Amino acid sequence: MESSDVRESCTESSPPAREEGWKRRLSALTFGLLIAETVTGLTILWLPFSLTTQMHVIVHTVVGLVFIVPASVYLWQHWRRYRDVRMTQVKLSGYLGLAVFAVLAVSGVVLTAQAVWGRRISHAWDLVHVVGTFALLAAVLPHVVTLLLRNRVGSTELAARVRRAGRRFLTASTGWAVLGVAPVLVLVVLYTPLELDNTLPEDYSLIYGEDRPFAPSLARTNTNDAFDPRTMSGSQSCGTAGCHEEIVEEWQVSAHRWAAMDPGFRTIQATMGAQNGPESTRYCAGCHDPISLFGGTKNLFNDELTNPEGLDEGISCITCHSIQETDVQGNANYVIGQPERYAYELRPEGRGRLVRDFLIRAYPDQHVETFSRRLFKSPDYCAACHKQFIDEEINQVGWVQLQNQFDNWRKSRWNEPGKPEETIECRECHMPLTDSRDPAAGDETDYNRTASDGKHRSHRFLGANQFIPTLLDLPGADEQVELTHQWLRGEIDIPEIAHKWREGPVIPIEIEAPDRVRPGSPVEIRTRLVNNKAGHEFPTGPLDIIQAWVEIEVTDQEGRVVFTSGMRDERNFIDPGSFLFKAEPVDRYGNLVDRHNLWEMVGVRYRRSLFPGFSDEAEFAFVCPSSSFSPDAVNLPFEDGMVQMDVPGEYRVERLDVTARLMYRKFDQYLLNFLEGGESELSAPVTVMSEDRTSITVTVPGPEQ
């Protein structure tokens, strides 16, 4: 009987029609590939992350794209064949299956395109595809099973032929299903994993104990053994994959990135290693050079042996996002795990990298679960490195607190425990929201954000170092430095916290001076400084290096200098006796620790800084010049530490103009000279953080006075 006759004379449930349908090769191919797609799809959905599961993703995608063609042809023919028969439950399930197949085909193509060329797959399309899978099974299985069960009815020769045709259909479908899934096994067998070396070198020194391989740093791995440096590096690939290029661009010029390549850090570390043994440098490496630390290369301190990945990446993307646990004790007290990486993820270049990028986007759950944790949003996470101390193991004397941004913040006005709407946390200041096309945009776990806010947290980590980026000539250094200047001046707005932050400079300066003075009389000036916006003390960090000071300049109405303080000389040293925020640590013998040799520190002889919300004052005094004086006569000695300017000249002083500035630089000149091995041509840039001006009228007494 011809197929057209079958359509015209038989219902869809009649034996001749079923025999004809079972015998068609396209039927078995379509159903077999559908089984293969279902198996691989459910494997991806339900089984844990593994190499096999990843290969299922590849096969599911390729077979799915191929499957669309024969399935579309078959369904078109099938519809034309049975469109005129009466409506039954079987035919209805067929129509439902046809509609769902169309949805699955479209969503599959969209998801594939997003995984190959996009930044990430759409959650909505992914949900449609997953739900569509179960909807298709709910429609197709009853459709096919019902027809197969009908084959069991009847004892005629025609009924027997229908049963044989049905069995051949199932056999052929099974064969196609096996062929559809078999490439998974082939890909798994052909894949050659990168051999990792997660062991410490044979000559690795364990002078701090076998159970503390990374001491004196408190940082440790979750296995207490080494991690292959390649598994902790490769940050640039996060940007070249077409996903996180915005974040990588921010990170690559940040202090986190150049934490290990900082010339100052490296010189000081070399001094420490030469004096106390190379193992002692692990103390610094937990925060500055974790890749080298966990790679086991902090054993022999030699630039040629230093881990190149650690040197170039410092605190890499993988390192920061692999931390599993932190302790607010500080000194890098954290536990880090070695993330399970995607297939081909550690291959530097080539087709494998394209496959890796596709897998991460098409199958992102492992990537998200591994590198995005609630812990990262907590100030406790920052505390692991942004809190430092020296103990007896380092200085051979006893415990000394060093920089401590975490506890400064914890005890400050910016922290209101249990009240996130009133609290400003570390990331809210130093990682402000920025417009983004990045897959990391949006975060519904933030109390004041949504999952679709179109922003990510900046990874520039703007702080106070406006020197090293340009010194290292990093890409984007000029922009980073300019933003750092703006940050120090308090000129960068952060809209999401504007309602609970302060306006104006970070540390405003205000002059208090008399309105009028007489020639030859003492003039007292006071400057008041307030920690207006910083979430920790100002300045913060290594105060034996950092310098913040008040610069005062007094001139007459002609611009001639009357008095100065806080000026820098031609060698870039600040005037002796200037008002400085600074610390002067000492060793056990009372000698000044002035080369950042903190391993010798036992205490401080001087320390001045501003706690959040607190103020400080700097006082200055000089003698108002007589009504006429020579501009060459400046800073002459006078009683009580003041200065006078009282040499006859040719003009009258009528007004004194006072300018006060708060100045900041990251490196003092003495340390730079030491790092350069002598008189250095380098000088750290200086930021004018805030400024105030006022004028004082000089009155000449009349005869009766």
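In this text, all values refer to a predicted model and were calculated from it rather than measured experimentally.
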I need the minimum non-hydrogen distance between [X] and [Y], along with the two atoms involved.
| X | Y | answer |
| --- | --- | --- |
| P290 | T319 | CG-CG2, 3.5 Å |
| L675 | I268 | CD2-CG1, 4.1 Å |
| L311 | A260 | CD1-O, 3.8 Å |

For the pair [X] and [Y], find out whether any cationic side-chain nitrogen is under 4.0 Å from an anionic carboxylate oxygen.
| X | Y | result |
| --- | --- | --- |
| R655 | E558 | no |
| D443 | R457 | no |
| R560 | D657 | no |

Could you check whether [Y] and [X], counting side-chain N and O atoms only, form a donor-acceptor pair closer than 3.5 Å?
| X | Y | value |
| --- | --- | --- |
| S280 | R282 | no |
| D438 | H456 | no |
| Q480 | R460 | yes |
| S578 | D575 | no |
| S609 | E537 | yes |
| E482 | Q486 | yes |
| E600 | N597 | yes |
| E553 | T659 | no |

Do side-chain atoms of [X] reach the backbone of [Y] as a donor and acceptor pair under 3.5 angstrom?
| X | Y | result |
| --- | --- | --- |
| R693 | I511 | no |
| Q401 | Q388 | yes |
| Y334 | G286 | yes |
| Q403 | K387 | no |
| T687 | M689 | no |
| E496 | L433 | yes |
| D587 | N591 | yes |
| T423 | E416 | yes |
| T527 | A618 | yes |
| R528 | E617 | no |

(request) Mind running salt bridge (charged side-chain N to carboxylate O under 4.0 Å, His left out) on E503 and K533 for me, showing each step along the way? (result) CA-CA 8 Å; E503 296 182 353; K533 295 171 78 168; over 6 Å; no
(request) Quick one: which residue pairs count as a side chain to side chain donor-acceptor pair (under 3.5 Å) with a foot in residues 254-265, not counting sequence neighbours? (result)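 Non-adjacent pairs meeting side chain to side chain donor-acceptor pair (under 3.5 Å): R257-D312.
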(request) For D692, enumerate each residue passing the salt bridge (Lys or Arg N to Asp or Glu O under 4.0 Å) test, keeping only those at least two apart in sequence or located in another chain. (result)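 If we apply the salt bridge (Lys or Arg N to Asp or Glu O under 4.0 Å) test to D692, skipping adjacent residues, there are no hits.
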(request) With sequence neighbours left out, write down each residue that passes salt bridge (Lys or Arg N to Asp or Glu O under 4.0 Å) with E491, or none if nothing qualifies. (result)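 Per chain and number, E491 pairs via salt bridge (Lys or Arg N to Asp or Glu O under 4.0 Å) with R489.
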(message) So that I can confirm a possible disulfide, could you see if the SG-SG distance for C385 and C287 falls below 2.5 Å?
(response)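 In this structure, C385 and C287 share a disulfide.
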Mutual orientation of the aromatic rings belonging to [X] and [Y] [parallel < 30°, tilted 30-60°, perpendicular > 60°]:
| X | Y | result |
| --- | --- | --- |
| H459 | F461 | perpendicular |
| F667 | F467 | perpendicular |
| F538 | F581 | perpendicular |
| F614 | F611 | perpendicular |

(request) Assert yes or no for the condition that the ring centre distance of W599 to Y283 is strictly below 6.0 Å. (result)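 Judged by ring-centre distance (under 6.0 Å), W599 and Y283 do not meet the cut-off.
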(message) Can you confirm if the aromatic rings of F265 and H288 lie within a centre distance of less than 6.0 Å?
(response)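 Yes; F265 has its ring centre under 6.0 Å from that of H288.
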(request) Show the numbers, then the answer: is there a side-chain contact (heavy atoms from CB on, under 4.5 Å) between M261 and I468? (result) CA-CA 10 Å; M261 70 173 76; I468 300 299; over 6 Å; no
(message) Under the criterion side-chain contact (heavy atoms from CB on, under 4.5 Å), I'd like the reasoning laid out for S690 against R661: C-alpha separation, chi angles, the key distance, then a yes or no.
(response) CA-CA 6 Å; S690 58; R661 302 182 184 92; over 6 Å; no
(message) A cation-pi test, strictly: NZ or CZ of K582 under 6.0 Å from the centre of the six-membered ring of W549 and no more than 45 degrees from its axis. Yes or no?
(response)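 Here K582 fails the 6.0 Å and 45° test against W549.
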